[in-house]
Amino acid sequence: MPKSDLVLLALDDEQLLQLFDRALSAVSYHVAVARDRDTLEKALQESSPALVIISQGFDGADELEIAGNLLDRFPTLPVLILLLRDSPDVVRKAIHIGVSDCLYTPLHINEIMQTVENSIKRADHIGDWTRREVKRTTASLQQRVEELQKLDTIVDHIEDGVIILDPHSNLLLINPAARRAFGLWQDDDIKGKPVGEVLNHPDLKILLNESISNPLPHNEIVFEDGRVLSAQCTPIPRIGLAVTMQDITYLKQIDRLKNEFVHTVSHDLRSPLTAILGYVDLLDRVGPINDQQREFIRRVQNSVQSITSLVNDLLELGRIEAGFDNQQEVVPLEGILRFALETLDGQISEKKLDLHLEVPLNIPPVRGNPIRLRQMLDNLIGNAIKYTPEGGKITINIEGQNEQIILRISDNGPGIPPADQPHIFEKFYRASNVPKGVGGSGLGLAIVKSIVDNHLGRIWVDSLLGQGSTFTVVLPVHKQE
Ligand code: ADP
């Protein structure tokens, strides 16, 4: 309220009015008088008094209620209560609600002048402080608003989709990129609605379900028109969950082209390789060869065989990635494991490895392609045999848990350096500590990963350098219809 020299008297006693008029005029205050509550309200609306004096029992009402109401609306306005009788209770309550002071009858003119002056001075002081505080708070609020506006603009303009959910999976924010991705209009009113109701996409559903047990889940969201988004969930303390999505359609296209290229080249390489091997095999039939020539032929055969196995692996990988393995049946993993071990038995004995099988009875079957699942086991157990030094130990464990089959293949081989672990499932990747003389193309685990993906499973490695590795595969069990 601006500083003013008007004192508003809510008073209906003529004698007292005259006394106040004299006292206040003497110190150059203007006086306005309200004889009832309506006039008081009108005076407050039309003027900005520097102080209001309310007499006890004004207009037959409760003076404290009138004062309280005034202070609620004008917190810095000094209000005095004029007490007409001894009322300690009123004084206590008046101070409690923030009244500046009380005047007591009988009144002396000096007393009026002094109390009014003091109350106005005090209010001016408080008013100045309040104005400074309000200015400071407004400036800092404005700064916050500008920062929030900037953040809004950034979230609105970034190319990545952003969705923020509250702890109950209701939509708090969805930026234009995310709206575009899911075909929503900019002005669709979806805030506060459950995400499953608004964005009904199975891949997003899987991702959100996974976020319950996994702190940073990741999934690809594939749309019918071929677009692919790489989506990641991040929990946000006290808010909920952020889903960020990046369009990786072009990367997927490049990957597909690359795979097609590799597949074609591998295919074209196979026939000449078969021809080379065939002719090399014929060499000693067309005439005598000496020992050195025989050794050279052996080396040629070994090299051609390792190129052939690389080409075969590439072709296999191409087939698995292209999803040609539609054949699905109920597969008892335990049975396949026993077949795989029969084949690998020779290698296990040759290296004097200690094999432990922890496979309980009645493990539920999985649904999938038995040839691919066998390939997965061959690769994982084959690696354990290949990388574990002679006399080492391999443990294979299968257990059924919550509609999942968990397979663990552990060894006490060289382990995998932490920096290599995130990459070992990539094509052609070999860890930096592969022991000398241990051959390989770096394709085995890429094949395993593709097979596991095709069976809607998960695979990961836990490994300690120098102590060994455990590969864990989780596959969904076959559910009876
Ligand atoms: P490779 O043909 O080289 O064996 P893989 O794709 O099967 O290729 O494995 C990738 C890499 O992962 C290997 O080169 C090796 O560095 C590491 N690796 C896989 N299995 C094991 C294991 N059981 N122990 C130690 N390292 C392993």
Side-chain angles (χ1 to χ4, degrees), residues 255 258-259 262-263 266 269 302-321 337 340-341 343-345 347-348 350-358 371-398 406-455 457-474:
D255 202 39
K258 185 201 73 193
N259 288 345
V262 171
H263 189 78
S266 318
L269 273 177
N302 280 351
S303 300
V304 175
Q305 245 141 20
S306 71
I307 302 175
T308 309
S309 98
L310 173 69
V311 166
N312 285 341
D313 276 355
L314 278 172
L315 287 170
E316 281 292 78
L317 192 56
R319 273 189 219 110
I320 298 166
E321 283 183 339
L337 172 67
L341 288 174
T343 321
L344 295 166
D345 194 40
Q347 294 178 40
I348 295 174
E350 201 180 312
K351 282 188 88 174
K352 298 184 187 66
L353 296 169
D354 182 10
L355 176 72
H356 281 254
L357 276 188
E358 295 168 1
I371 296 170
R372 293 300 177 210
L373 289 170
R374 166 75 191 269
Q375 213 171 357
M376 172 191 89
L377 288 172
D378 282 348
N379 272 308
L380 289 174
I381 305 170
N383 274 351
I385 298 171
K386 184 162 76 168
Y387 290 105
T388 307
E390 234 182 84
K393 182 177 167 186
I394 296 176
T395 306
I396 301 175
N397 164 293
I398 303 185
I406 303 170
L407 163 78
R408 291 189 194 87
I409 298 172
S410 310
D411 63 59
N412 64 351
I416 301 165
D420 292 316
Q421 288 177 24
H423 304 289
I424 55 167
F425 295 100
E426 291 167 13
K427 287 169 208 159
F428 301 111
Y429 194 91
R430 304 199 79 202
S432 48
N433 67 332
V434 171
K436 250 202 178 137
V438 178
S441 61
L443 281 176
L445 287 181
I447 291 177
V448 169
K449 171 88 170 68
S450 288
I451 295 172
V452 174
D453 285 350
N454 282 0
H455 285 78
R458 282 183 292 140
I459 180 166
W460 68 90
V461 66
D462 296 294
S463 183
L464 276 178
L465 204 54
Q467 294 189 26
S469 312
T470 297
F471 284 84
T472 307
V473 178
V474 179

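As the structure lists them, so they are numbered: ligands from 1, and atoms in each ligand from 1. Treat the numbers as computed from the prediction; the structure is a model and nothing was measured.
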Undergrad: Can you tell me if G413 contacts ligand 1 (heavy atom of the residue under 4.0 Å from the ligand)?
TA: no
Undergrad: Which of the numbered atoms in ligand 1 are below 4.0 angstrom from a heavy atom of A431?
TA: 14 (O), 16 (O)
Undergrad: Compare Y387, Y429, F471 and give the one whose heavy atom is closest to atom 4 (O) of ligand 1.
TA: Y387
Undergrad: Among all the protein's non-hydrogen atoms, which is closest to atom 12 (O) of ligand 1, and how far away is it?
TA: I424 CG2, 3.5 Å
Undergrad: Ignoring angles and geometry beyond distance, decide whether V434 reaches within less than 3.5 Å of ligand 1 through its nitrogen or oxygen atoms.
TA: no
Undergrad: If you measure from each heavy atom of N379 to ligand 1, is any distance below 4.0 Å?
TA: no
Undergrad: I want to know if ligand 1 touches G444 in the polar sense, i.e. an N/O pair below 3.5 angstrom.
TA: yes
Undergrad: Identify the protein heavy atom lying closest to atom 23 (N) of ligand 1, giving its residue, its atom name and the separation to 0.1 Å.
TA: D411 OD2, 2.8 Å
Undergrad: Any N or O on G442 sitting closer than 3.5 Å to an N or O of ligand 1?
TA: yes
Undergrad: Judged on heavy-atom distance to atom 18 (N) of ligand 1, which of I416, I385, L380, I394 sits nearest?
TA: I416
Undergrad: Would you kindly specify which portion of V448 sits under 4.0 Å from ligand 1, judged on non-hydrogen atoms: side chain, backbone, both or neither?
TA: neither
Undergrad: Starting from atom 5 (P) of ligand 1, which protein heavy atom do you reach first, and at what distance in Å?
TA: L445 N, 3.5 Å
Undergrad: Can you tell me if CD on E350 sees more than 12 non-hydrogen neighbours from other groups inside 6.0 Å?
TA: no
Undergrad: What is the closest protein heavy atom to atom 3 (O) of ligand 1, and at what distance does it sit?
TA: R430 NE, 2.4 Å
Undergrad: Specify the protein heavy atom at minimum distance from atom 7 (O) of ligand 1: its residue, its atom name, and the distance to 0.1 Å.
TA: N383 ND2, 2.8 Å
